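Read through the structure below, which is laid out as structure tokens, and then see the notes.
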Amino acid sequence: MEDWWLARDSQGHTGWLIASRFDVDVPDAIGEFGEGQRFVGAYQLTKVNDPDAETADHQVPEYLTVLAPTKAGLPFDFDQIRVFTWSLRHHRYETAFRLHPIQGYLPVRVFTQATPSGSVPAFSFVLARAPTSPPIPRPASLGPQPRARSITK
């Protein structure tokens, strides 16, 4: 099986790409944290000011990443979400949030959420639905009990 991705460029052109034929552009600073998984996406959440950072403007981006096993033909787009924040104390990236194992689907949406103390970065994505209900026991006279199944996509 091969995975195909529907891609869209900045002019609105669309087309299908074989997932194994391209790499997601992930910043070098967080690319090493893949832990043997394939990056499906990397999204900038915000920037923080670190006077000791080696960037030209001392602004360091923080990222949301979605990762998947390197295996093709899976019934989901990604199985892990990780947020990398910049440590002002250690001047390096650290994992601030990790959610796994999940069955997540693209697209991932990054936005700003208003809170009483100001705006904060936020994100959303689609998860596979859980089974609608547990199987109901059936009397033996009615035959074998159906198996519970998860609904995906």
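Here, residue 1 is the first one in the sequence, and each next residue gets the next number. Reckoned from all heavy atoms, side chains included, excluding hydrogens, waters and symmetry mates. Treat the numbers as computed from the prediction; the structure is a model and nothing was measured.
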Do Leu67 and His100 touch side chain to side chain, with heavy atoms closer than 4.5 Å? no
Checking Glu35 now: which residues fulfil side chain to side chain contact (heavy atoms under 4.5 Å, CB included) with it, not counting sequence neighbours? Arg82, Arg98
Test item: Phe76 and Tyr105 side chains (from C-beta on) under 4.5 Å apart, heavy atoms: yes
Would you call Phe78 and Gln103 a side-chain contact if the rule is heavy atoms closer than 4.5 Å? no
Is the shortest heavy-atom distance from the side chain of Val26 to the side chain of Tyr63 under 4.5 Å? no
With side chains defined as the heavy atoms from C-beta onward, is the minimum distance between Val66 and Phe123 less than 4.5 Å? no
From Arg89 CZ over to Glu94 CD, what is the distance, rounded to the nearest 0.5 angstrom? 9.5 Å
By side chain to side chain contact (heavy atoms under 4.5 Å, CB included), which residues pair with Arg109, not counting sequence neighbours? Phe111, Ser124
Minimal non-hydrogen separation, Asp3 against Gly73, with atom names: OD1-N, 3.0 Å
Fellow cluster residues of Val120, listed by chain then number, with links counted only when side-chain atoms sit under 4.5 Å apart: none
Any chain of hydrophobic side-chain contacts (each under 4.5 Å) joining Val126 to Leu74? yes
Take Trp86 and His91 through the test side-chain contact (heavy atoms from CB on, under 4.5 Å) and record every step on the way to the result. CA-CA 7 Å; Trp86 184 256; His91 311 290; 4.0 Å; yes
Results of side chain to side chain contact (heavy atoms under 4.5 Å, CB included) for Asp57 - residues two or more places apart only: Thr55, Gln59
Is any side-chain heavy atom of Val108 less than 4.5 Å from a side-chain heavy atom of Tyr43? yes
Do you know which two heavy atoms are closest between Gly36 and Thr70, and how far apart they sit? O-CG2, 3.6 Å
Using the rule that Ile, Leu, Val, Met, Phe, Trp and Tyr join whenever any side-chain heavy atoms are under 4.5 Å apart, tell me whether Val110 and Val40 fall into a single cluster. yes
Write down the atom of Pro61, the atom of Lys47, and the distance for their closest heavy-atom approach. CA-CG, 3.9 Å
Atom pair CD/CD of Glu62 and Gln44 - distance to nearest 0.5 Å: 9.5 Å
What ring pair (Phe, Tyr, Trp, His ring centres under 6.0 Å) pairs are there with at least one residue in residues 18-42, not counting sequence neighbours? Trp5-Phe22, Phe33-Phe84
Counterpart residues, ring pair (Phe, Tyr, Trp, His ring centres under 6.0 Å), relative to Trp4 (two or more places apart): none
Does Glu32, at its CD atom, have more than 12 non-hydrogen atoms belonging to other residues, nucleotides or ligands within less than 6.0 Å? yes
If two hydrophobic side chains count as joined below 4.5 Å and joins carry through other members, does Leu106 share a cluster with Phe125? yes
Minimum heavy-atom separation for Ser119 to Thr112, with atom names? CB-CG2, 3.2 Å
Closest non-hydrogen atom pair between Ile81 and Leu64, with its separation: CG2-CD1, 3.5 Å
Can you see which heavy atom on Ala7 is nearest to which on Leu17, and at what distance? CB-CD1, 3.6 Å
